[in-house]
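Below is one structure, written out as structure tokens; the observations come after it.
The analysis underlying the following values was restricted to heavy atoms, covering all of them including side chains, and did not include hydrogens, waters or symmetry mates. For ligands, and for the atoms within them, numbers begin at 1 and follow the listed sequence.
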Amino acid sequence: MSLKLRALCASLAVFACTAHAADTNPAVSSLRLYVFDCGTIDVSDISLFSPGVDKGQKKTLTDSCYLVAHPKGTLVWDAGLPDEVAKEKAGVKRGQSFHLRMNKTLAQQFKETGFSPESVTYLGLSHMHFDHIGNVGLFPKATLLMQAEEYEAAFGPDSAKYGNDPKNYPTLSANPVTKLAGDHDVFGDGSVVIKRAIGHTPGHQTLFVKLPKTGNVLLSGDLVHFSKNWENRRVPSFNVDKELSLKAMEEQAQFMKANKATLWIQHDLEQNAKIRHAPKYYE
Ligand SMILES: [Zn+2]
């Protein structure tokens, strides 16, 4: 508790402060979606994501992660860049292509929602790339919901082949896990559904959320990284399977059409600038 809060507590009735300090999750009567800003990625040559197009041009991507609160439990979708990035004001270089920055940690943003990370029921990761798993350690008790192939790529003997290293996510193997082999209805009522959409990685997945007031949305994972690539169906050079990537894009497009869903592209800076962020939420 901060000194300021302590002083405030001293001047208030004790029970009010006790309630404030406790890790009590807000009561949720209908579905909510919170959006977090989980970092910024400056890309030195965006043609890495769209081979042969815009060669040598820079582009900035955002990195989004989410909390879905359902009356039956909570699901975190993707865990962003590591919160440690926020300590470096000038950001952190990663390899030849990326420069990473972060304004506010996920831990802090999560706190502002009133939900406790320790109490999160499910952890859904679109895939195992570094910019989606940075803070998995915040959710040690959550049941991991992952396609079996992605779990194998993370922890199996060929993890290095996929650019994965279990040393980079030391807590994750201790999380309870449900390995998936297709779509998965998280709370059993069709309102939150993990969609199998492989190709970017061996077990990539997206998340369909049926919001009663906002409408239906599909959180992209890395099905696509920005609008122009979606419109032109472009596949990044580093996807594990180009044909499967194109197939997944087409299937998800059909699914969205049939379900009147809007695609929220997790890395699209311009689109996310228009989306309300936590502690506000969508219903
Ligand atoms: Zn990504």
N, O or S from His267 under 2.8 Å to the Zn ion (ligand 1): yes
Criterion side-chain contact (heavy atoms from CB on, under 4.5 Å) against His127, the qualifying member of Leu223, Asn164, Thr201: Thr201
Apex the Zn ion (ligand 1); atoms Asp222 OD2 and His132 NE2; angle rounded to 10 degrees: 90°
Under 3.5 Å: donor-acceptor pair, side chain of Thr74, backbone of Thr121: yes
Arg276 NZ/CZ over Tyr282 ring centroid, <6.0 Å and within 45° of normal: yes
Test item: Asp78 and Leu125 side chains (from C-beta on) under 4.5 Å apart, heavy atoms: yes
Under 2.8 Å: N/O/S of His129 next to the Zn ion (ligand 1): no
N/O/S from Asp131 sitting under 2.8 Å away from the Zn ion (ligand 1): yes
